[in-house]
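Every chain is numbered from 1 and lettered A, B, ... according to where its sequence line falls, protein lines coming before strand lines.
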Amino acid sequence: MRRFGKTPSAMEYDFLSIETAQRKRWNEDETYRVTEGALAPDGTPKKKFYALDMFPYPSGAGLHVGHPLGYIASDVIARYKRHQGYNVLHPMGYDSFGLPAEQYAIQTGQHPAVTTETNIARYRQQMDLLGFSFDWSREVRTSDPAYYKWTQWIFGLLYQSWYDVEAGGARPIAELVARFEREDKAWATMDEGQKSTVLMEHRLAYLADSQVNWCPALGTVLANDEISGGRSERGGHAVEQKTMRQWIMRITAYADRLIDDLDTVDWPSSIVEIQRNWIGKSTGASIRFEVAGTREAGNPLKIEVFSTRPDTIYGASFIVLAPEHDLVKQITTEEMRKKVEAYCEQAGAASERERMSGERGISGVFTGAYAVSPISGEQLPVWAADYVLAGYGTGAVMAVPAGDDRDWAFAQHFNLPIPAIFEGHDTGEGATVDKSAVLMNSGALDGLAAKDAMAIAIELLEEKGAAEARVNYRLRDAVFSRQRYWGEPFPIRYKDGIPQLVEDGQVVLPEVDEYLPTADGDPPLARATRWSVPTGERMEYNTMPGWAGSSWYFLRYMDPANNAAFCDRSKSDYWGQVDLYIGGAEHGTGHLLYSRFWTKFLFDRGLIGFHEPFKKLVNQGMILGRSSFVYRIEGGPCFVSFDRRKEFKTQRLHVDVSLVDGDVLDTEAFKNWRPEYANATFELSEDGSYRCGSEVEKMSKSKFNVENPDDLVERYGADTLRCYEMFLGPLEQAKPWDTKGISGVHNFLRKLARLYRDQDGACLVVDSAPAADGLRTVHKTIKKVSKDLDRLSWNTVVSAMMIGVNELTAQDAHQRELLEPLAVLLSPYAPHLAEDLWSLLGKKGSVCDAPWPVFDAAHLVEAEVTYPVSFNGKVRFELMVAADMSPSDVEAAALGDARAAAQLEGNRPKKVIVVPGRIVNIVV
RNA sequence: GCGGGUAUGGUGAAAUUGGUAGACACGCUAGAUUUAGGAUCUAGUGCUUUACGGCGUGUGGGUUCGAGUCCCUCUACCCGCACCA
């Protein structure tokens, strides 16, 4: 780290030896070990608090300064709550199944377990440096067989459960079987395979053929939230649709509860909205239109459409089917067949590319068939068009051009009629989506707005047997199979092709010779020759997705060593919901939705006593890196300075930020950086320096903009890094990292330490009584710090402590009565230094258990207050008066002041406002 | 297009219910001091004006004695979803 000189390590704050010593002490004393039912000093049980971080995937790159941000924030709160007398559960673990370790294994043959172990060791080492108060005895790893045994068990329970809509929750599948035996005569006649097929339609974890997102490059299926823009989130590979037999989670059974219960959690509104939109609930009606002139088994064919606006049915002028819709083939007339087939084929092929480009014209084709409106009896032409999606609703819509923008555009484009159904609406102008528009030409619905017309319309249609009210969700059941090696194996074997839950032992991830699919295209597990259980006909070769293990890990921390259950009910009853959950916003539709789903399921089955996992959620913003760039003149070894780059044809290259200081490149260091730049020459700026370009982007090794916490800890200490990361700004906000500001925070800690020790390390603390100003400073600081921690304003706490220390320094205050509470205030942010100072103060136990200081308002009372006196809102002078002066006396004092007379220039004030303790405003 | 968010000095930011905008830091300027270290200390630092003063929280408007904060309008940027009937 040549950018920084050597930090003077004065005796008053020798952070290196302090931090080493305190960490050792915490370790030996097991300071952070926590047990259920801990008692307060007075013998009463402590209240519990559960502070949790989203556990990391241990990647090979190690931690950069962005990773610990959330961990520091949660650690601050965990420590604060502990000071307040809570029994705090604050654990950490690893989401250690995942793709990178597997891909590394494919390339090198190294077993993913080995890579994972190495990476975890590195993560642990880096985290230990930062002085977190994690109870490491509760560590969990999702790839540990002792852990995933219970992931498998929960899967088995989901498999053995169904969703009883009447009971409003998950029930054992045995109850359903009993019901079938009791009520369904056909059941007794079925063979095992048929029964299995029927039950599969009810199980919460079920096997089905489904259209999946297949990624050939990764050789696996991906969930919708693992894809963006038609490409895989990881690696950016192309994704295509494919039909496969997959394990699927019936999360849609919980769609309503997943939406409704969002009202019961204290989460950022953005995440709540993301989940709401993702679930995408819409209420309306399912309406059936008969197809004119068709007969199948004696009945006319029917097209079922979903509409959120059944009240606009009189405005329907045509019907549109998705090109993939089954009925398209059946109803298309002979003369239209060629055209329709060509269209459907082209629509299917083109959709993927054009969806990505985002620009799709209006296209569609008439099938030649007509559907009959169940309400007016009118014949409506049936079209196939790609603006209707096969995967949503019924894959068919009734087009109401007057009431829907897309239908309107389609009608315009193909010159289809646009019946006017809204009063005062010009159908030539566009559609009216306004729900307050009043209906006309709509039979019994005339004169009504959507609010009232909706129910009547559904009623009318129901009478004719043509519709019923229905709720639709955008949410799909979640595909739960992955064709990977490094994941939880399913506790499933097959007998006569029927899946059987393995209950005679744990299915442990078997060894394989290669981490690749077999020649037949089976997943890697098909290569396994030795399994931990009898395999029967064959085992399930898929593994579970990454979100399986992370959907319940917060429960395992409560009872991490339990061999008999995933978590004893008494433990989960004690710890309950996670009180504060901190992590990135990128999990909005993945982890955070799935863990809610599993929590509700476990609640339904009576295994835990709460149905939402995370009471309060905070998303920390990403810490971005500031990348630096050099500009190489094409074809040569010459680099041109930023401001002159336009004079040449250049190529922009990332350069390591440690070679750059304030945009100026250390050219010698640059030449030594990489062999290919050894002979570099430079076209410099006018001032003789080489200036780099810069950009704020994600921190990543490949961008050479990574700041490593270890280096900063070595140079400034963990306490400084902790305080600095909190000081950067509001936790939720994304912010670029700038190491420069760290010195200010480091100085603050030194200044604070100097209140306790002089430069030779001698103790300065005295037992004499403090002065009033010292007490005021300390109690003001206690008040502000406590309040800001309560409202999770991490950054302003640091400022408040800086102000306090600045004042105490100016007061030359060294009284024990002041410095004791100050050490406790410091402890959540700078635990090592606080612990050290606590010892210096002669305290026996850990500062972690010191009670949080309580501010005494008596010390904050001031004898006099200063009122800003403003005229017409502009402050003109300040007025010092006794603090207990009444508003009317303050008014008199202000008006009586000579400076007021000067402002008034003899005029009489129109009005005088006195806000006690705040301000005086005089209106002239 | 829909949903959510953001906008304040050269920089990160603060201002909890409307009450002295810019606290606290970084950076910068000047000075002091020093074994000359990028250390430490002191003073200054929103813009503008010689000064008195004037102007200032993305834009335009409104409510109010008083608006960064409340209401309406527009703009830019960020995030999520995206033909969801």
Closest to side chain of A/Val915, choosing from B/G19, B/U40, B/A85: B/G19
Touch class at under 4.0 angstrom, heavy-atom based, for A/Val388 against every strand present: base
Of the listed nucleotides B/A85, B/C83, B/U40, the one nearest the side chain of A/Ser282: B/A85
Touch class at under 4.0 angstrom, heavy-atom based, for A/Ser270 against every strand present: sugar-phosphate
Side-chain donor/acceptor of A/Glu878 to base of B/U20, under 3.5 Å: yes
Candidate nucleotides B/C24, B/C65, B/C26, ranked by approach to the side chain of A/Lys911 - the nearest: B/C65
Sugar-phosphate only, base, or nothing, as touched by A/Pro730 at under 4.0 Å among non-hydrogen atoms: sugar-phosphate
Considering all heavy atoms, the nearest A/Phe422-A/Leu439 contact: CE2-CD2, 3.6 Å
Sugar-phosphate only, base, or nothing, as touched by A/Phe727 at under 4.0 Å among non-hydrogen atoms: base
Touch class at under 4.0 angstrom, heavy-atom based, for A/Arg876 against every strand present: sugar-phosphate
Euclidean distance for P, B/A51 against B/U45 (whole angstrom): 13 Å
Touch class at under 4.0 angstrom, heavy-atom based, for A/Asp738 against every strand present: nothing
Closest to the A/Ile803 side chain, choosing from B/A85, B/A13, B/A23: B/A23
Anti/syn call for B/G12, syn if |chi| within 90°: anti
